[in-house]
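Only one structure is covered here, and it is reproduced in the block below.
Read the numbers this way: they start at 1 and go in the same order the structure lists the ligands and their atoms.
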Amino acid sequence: MSDQTRFILNDSDLPKFWYNINADSPVPPTPVLHPGTMEPVTPDFLSVLFPMDLILQEISTEQYIEIPEEVREIYKLYRPTPLLRARRLEKALDTPAHIYYKYEGASPVGSHKLNTATAQAFYNKKAGTKALTTETGAGQWGSALALACNFFDLALEVYMVKVSYNQKPYRRIMMETYGAQVFASPTDRTNYGRALLAENPDHPGSLGIAISEAVEAAATSNGAKKYSLGSVLNHVLMHQTVIGEESLKQMDLAGEYPDVVISCVGGGSNFAGIAFPFLRENLKNGKRTRLLAVEPTAAPSLTRGVYAFDYGDTAKMAPIVKMHTLGHDFVPAAIHAGGLRYHGMAPTLCALYDAGHIEAVSVPQKTTFEAAIQFARAEGIIPAPESAHGIRAAINEAMDAKAKGEKRVILFNLSGHGNFDMAAYEAYLSGKLEDYEYPAEAVKASLEKLPQVSLS
Ligand SMILES: Cc1ncc(COP(=O)(O)O)c(C=O)c1O
């Protein structure tokens with residue numbers, strides 16, 4: 001084992017393929033249903049929103065899909081990203097565990113989201129798309145797609161959840177710097193947004209609502225705009241697998257193999273990105289790494305949601321999928337991890353969780369920030385509030401290893417930095433950050449509105 005801290009790959013180690021878990025998954029994919037007819041969707045329905053290359057990736061069972069050269073050229077700006085051993089954190093915790101983290105905050109926009117934004121912008125450009133619409137929570141996804149659209153000369157409209165729009169003005173300015181237009185959702189630009197504002201002019205918005213507005217804007221554009229989603233879908237999860245493929249090589253350089261791989265989950269893409277290549281090693285090569293997804297107690301879809309067919313968005317315009325859900329019109333509390341405020345979860349991840357291949361825990365906001373600050377003071381990087389959920393769980397694992405006197409190798413994905421999240425840190429440091437209990441009543445009310453699907 002080396003005494004190195006940073007494990008750096010060469011340009012030539014940049015992955016040439018994305019890994020598709022659907023080729024190896026022991027659980028069959030669940031059907032994707034039309035929100036109106038509740039029958040399986042056709043490529044025609046999906047092609048209103050997405051270019052054909054991405055639709056084909058969505059349903060592909062090929063084990064590896066080649067990363068186009070144009071996408072790799074952009075990846076080369078920041079990939080391979082570094083993997084570090086958190087030696088100073090280990091020391092601060094006085095733990096026998098070895099803690100490693102993969103740092104996706106090294107991308108120009110500060111998170112893993114550019115891995116799929118680049119791919120999605122490329123395939124849209126290739127298909128002749130001129131403009132995209134999307135939603136964003138905390139602004140990480142919007143910033144990534146804004147940069148990718150700038151690189152491929154596409155216009156972009158971003159529907160940003162209003163509570164985050166107000167909490168994170170610098171993320172909005174970043175998107176505008178790259179040339180995108182940004183609107184606080186609910187907006188008066190869509191029928192759905194106008195209806196919500198008529199009921200409540202101060203509506204805080206949610207990811208589900210912002211998705212509805214972005215989908216409506218694309219679906220009613222007579223083909224002028226397509227829609228892009230930053231998580232949940234198979235092709236998005238697959239684009240993120242460059243994280244895990246690089247991590248495998250870097251753990252090899254470190255001379256260790258993780259006992260547990262950890263990351264936060266919002267829609268599931270950064271977790272899938274690091275975990276699926278390790279899951280392949282479990283399924284195919286006899287490895288036994290635990291894969292641990294971490295969600296906020298304010299939106300605990302995996303740990304407290306029901307596994308059922310539900311709409312992907314609040315206005316019921318997006319397809320119905322089988323997932324762990326809190327109900328499509330459930331609006332999570334205004335936690336600072338805006339990117340984790342989604343009512344559902346990637347169907348592929350849910351099926352694997354349901355079959356016991358993946359574990360999940362939920363953690364409250366205050367203890368998450370406590371872990372973020374402990375990490376920042378030991379390692380220097382201030383994590384995104386989303387990523388801090390993974391850090392909380394990694395520290396818990398390290399302390400558990402200490403209590404049991406075990407050497408445990410822990411790898412977590414530091415999905416982004418929190419340099420634009422100072423308002424959240426200020427709230428924590430000044431004692432104003434709140435914990436939110438599991439909103440049992442609101443979830444129960446929302447779950448009563450699940451679509452009645454005969455297939456389930
Ligand atoms: C830094 C960061 N990490 C994680 C997430 C969660 O999303 P996902 O589960 O798709 O990776 C987000 C979402 O916005 C994010 O910005």
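Of the polar atoms of Ser415, at least one N or O is found under 3.5 Å from an N or O of ligand 1, judged by distance alone. For ligand 1, one of its N or O atoms has an N or O atom of Lys113 under 3.5 Å away. No N or O atom of Val265 sits closer than 3.5 Å to an N or O atom of ligand 1. Between Gly266 and ligand 1, an N or O atom pair is found at a separation short of 3.5 Å. Checked by distance only, ligand 1 and Trp141 stay at 3.5 Å or farther apart across all their nitrogen or oxygen atoms.
Residue contact check: Cys264 has heavy atoms under 4.0 Å from atoms 3 (N), 4 (C) of ligand 1. Less than 4.0 angstrom separates some heavy atom of Ser231 from each of these atoms of ligand 1: 8 (P), 10 (O). Near Gly339, with a cut-off below 4.0 Å to any heavy atom, the atoms of ligand 1 are 6 (C), 13 (C), 14 (O). Interface of Gly268 with ligand 1, defined as ligand atoms under 4.0 Å from a residue heavy atom, comprises 8 (P), 9 (O), 10 (O). In summary, the atoms of ligand 1 found under 4.0 Å from a heavy atom of Leu340, numbered by their order in the structure, are 6 (C). Those atoms of ligand 1 with a heavy atom of Asn270 less than 4.0 angstrom away are 4 (C), 8 (P), 9 (O), 11 (O).
Between Phe375 and Tyr101, the ring center distance clears the sub-6.0 Å criterion. Within the 6.0 Å centre-distance limit, the rings of Tyr64 and Tyr19 are counted as a close aromatic pair.
Cation-pi geometry between Lys287 and Tyr257 is satisfied (NZ or CZ under 6.0 Å from the ring centre, within 45° of the ring normal). A cation-pi arrangement is found for Arg172 relative to Tyr165, the charged atom lying closer than 6.0 Å to the ring centre and inside a 45° cone about the ring normal.
Within the 4.0 Å heavy-atom cutoff, Ala138 does not count among the residues contacting ligand 1. Not a single heavy atom of Gly137 sits less than 4.0 Å from an atom of ligand 1. Taking 4.0 Å as the cut-off, His112 counts as a neighbour of ligand 1 on heavy-atom distance.
The side chain to side chain contact (heavy atoms under 4.5 Å, CB included) test with Asn234 singles out one residue from Val32, Ile21, Asn22, Asn20, and that residue is Asn22. In summary, of the residues considered (Arg79, Arg72, Lys249), a salt bridge (Lys or Arg N to Asp or Glu O under 4.0 Å) with Asp13 occurs for Lys249 alone.
A salt bridge does not link Glu104 with Lys113: none of the charged nitrogens is closer than 4.0 Å to a carboxylate oxygen. Using a 4.0 Å cut-off between charged nitrogen and carboxylate oxygen, Glu157 and Arg189 count as a salt-bridge pair.
A donor-acceptor distance shorter than 3.5 angstrom exists from the side chain of Ser212 to the backbone of Gly208, with no hydrogens or angles considered.
Taken from CD in Gln374 to CZ in Phe369, the straight-line distance is 14.5 Å, to the nearest 0.5 Å.
What sits closest to atom 15 (C) of ligand 1 on the protein, heavy atoms only, is Glu386 CG, 3.8 Å.
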